[in-house]
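Here's the structure we're looking at; comments come further down.
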Amino acid sequence: MRILITGGAGFLGSHLSDMLLQSGHSVICMDNLLTGRMDNLAHLLGHERFSFIKYDVCDYLHVEGPLDAVMHFASPASPQDYMEFPIATMKVGAMGTHKVLGLARAKGARFILASTSEVYGDPLVNPQPETYWGNVNPISPRGVYDEAKRFAEAMTMAFHRYHGVDTRIVRIFNTFGPRMRPHDGRVVSNFIVQALQGKPLSVFGDGLQTRSFCYVDDLARGIISLLMLDSDKTPEQRTDRKFLVSGNTGAETASMHEPVNIGNPRELTVMEIAKLVLELTRSSSQITHHPLPADDPKVRRPDISRARALLNWEPQVPLEDALLRTIDYFKKVI
Ligand code: UDP
């Protein structure tokens, strides 16, 4: 396949590029480098099946030649970044998604949207199945990201229903691994960098809020499985296909065009993550508490029944191994 990845210079985009090139596909990365970094792609420059275009997907979009798939991963994704760039975040989720969907339609390419567990907001249901509609405050500082992604999902379904584009939506839960920026602002990278530098670990609030952390390789494998699902089928066979899912909330049927959670269901409190990082880095850093950001979700854990049924996917890398690999990475770069 010839595949365009928007946000290709980001943490996830670069891992997806690696995995797709390893499977023999051709990859075009597009990124405006607002939060993406060329360092993430340095090892791919010069690869015969790889190319990079510095471009903002909110502008008029044109790509030479055929495309088989478009992966829309462009967006600031760390709370720190989307609060610093609120308007760019809303634009890429809204106008950017519209432009990229238009490109997929024009090329007859399948399309996958990088959506997020943030569409569930501060959830009143735990774990979160895809059928949960969420609890989002549209006017909170986080709302820029949550609502941009909710709009992006709605636009994706509209292109699927109205224009018949073969679309997929992945709802990505907390993910970490090599190539996160040391000052990305997210909890795992912050804690590892702080522990390695002997600085206090910054726990926001009482640290009893929960998250469920997935290693980037597991996540990328799940996303690519969803993208590739039924690539051997005709469009008629594809749209008809429904999967029976027996989930935590009972049985349902779902098609591959509906959102699919990808994440690791092992749920920990932020305090537990802090202690695990201290143990694995053998750091003697202290823990300090800082104010909890507004509308910080109190719990988060994916129900991955759909991913299991549709993709036969589940995470394989244990959290401790994944943390050790990430600690090794940060030891080299900081
Ligand atoms: N957090 C923290 N210390 C940090 C960064 C984050 O305690 O230095 C908390 C944050 O308040 C949230 C959780 O860790 O409850 C995960 O935050 P992150 O920014 O990684 O991602 P989110 O799940 O909020 O998008």
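Each residue takes its place number in the sequence, starting with 1. Remember, it's a predicted structure, so these values are computed and weren't measured experimentally. Start at 1 and go down the list; that is how both ligands and their atoms are numbered.
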Check: Have Ser202 and His290 got a donor and an acceptor in their side chains that come within less than 3.5 Å?
Finding: no

Next item on the list: Indicate the atoms forming the closest heavy-atom contact of Leu310 with Val260, along with that distance.
Entry: CD2-CG2, 3.9 Å

Next item on the list: Please identify which atoms of ligand 1 are closer than 4.0 Å to at least one heavy atom of Glu118.
Entry: 25 (O)

Item checked: Val270: numbered ligand 1 atoms lying under 4.0 Å from its heavy atoms -> 7 (O), 13 (C), 14 (O)

Margin query: Between ligand 1 and Asn174, is the shortest N or O to N or O distance under 3.5 Å?
Written below: yes

Item checked: Candidate with minimal heavy-atom separation from atom 25 (O) of ligand 1, of His289, Arg142, Arg186, Arg211 -> Arg142

Check: If we only count N/O pairs under 3.5 Å, is Tyr82 in contact with ligand 1?
Finding: no

Notebook entry, point to check: Heavy atom under 4.0 Å from ligand 1: found in Gln80's side chain, backbone, both, or neither?
Noted result: neither

Checklist line | atom 15 (O) of ligand 1: the protein heavy-atom neighbour that sits closest, reported with distance to 0.1 Å | finding: Asp296 OD1, 2.6 Å

Check: Against heavy atoms of Gln209, which atoms of ligand 1 measure under 4.0 Å?
Finding: 9 (C), 11 (O), 15 (O)

Notebook entry, point to check: Is it true that Arg142 and Glu118 make a salt bridge, defined as a side-chain N closer than 4.0 Å to a carboxylate O?
Noted result: yes

Notebook entry, point to check: Under 3.5 Å, side chain of Asp295 to main-chain N/O of Asn137, donor-acceptor pair present?
Noted result: no

Check: For ligand 1, which atoms sit closer than 4.0 Å to a heavy atom of Gly185?
Finding: 5 (C)

Margin query: What I want to find out is whether Arg308 reaches Asp303 closely enough, with some N-O distance under 4.0 Å, to be called a salt bridge.
Written below: no

Margin query: Closer than 4.0 angstrom, basic N to acidic O: yes or no for Glu258 and Arg168?
Written below: no

Checklist line | Protein heavy-atom partner closest to atom 3 (N) of ligand 1 - residue, atom, separation in Å | finding: Ser202 O, 2.5 Å

Check: Relative to atom 2 (C) of ligand 1, which among Tyr145, Phe176, Phe204 owns the nearest non-hydrogen atom?
Finding: Phe204

Note to self: Tell me if a side-chain donor or acceptor on Gln209 pairs with a main-chain N or O of Phe204 at a distance below 3.5 Å.
What the structure shows: yes

Notebook entry, point to check: What heavy-atom pair brings Thr97 and Thr156 nearest, and what distance separates the two atoms?
Noted result: CG2-OG1, 4.1 Å

Next item on the list: Could you tell me the separation between the CG atom of Leu67 and the CZ atom of Arg2, rounded to the nearest 0.5 Å?
Entry: 5.5 Å

Checklist line | Side chain, backbone, both or neither: Pro79 near ligand 1, heavy atoms under 4.0 Å | finding: side chain

Check: Any idea which atoms of ligand 1 are less than 4.0 Å away from a heavy-atom of Asn190?
Finding: 4 (C), 5 (C), 8 (O)

Check: Near Val203, which atoms of ligand 1 are under 4.0 Å from a heavy atom of that residue?
Finding: 7 (O)

Notebook entry, point to check: If you measure from atom 17 (O) of ligand 1 to every heavy atom of Leu208, Thr116, Val187, Asp146, which option wins on shortest distance?
Noted result: Val187

Next item on the list: Would you confirm whether Gln80, through its side chain, and Asp184, through its main-chain N or O, come within 3.5 Å as a donor-acceptor pair?
Entry: yes

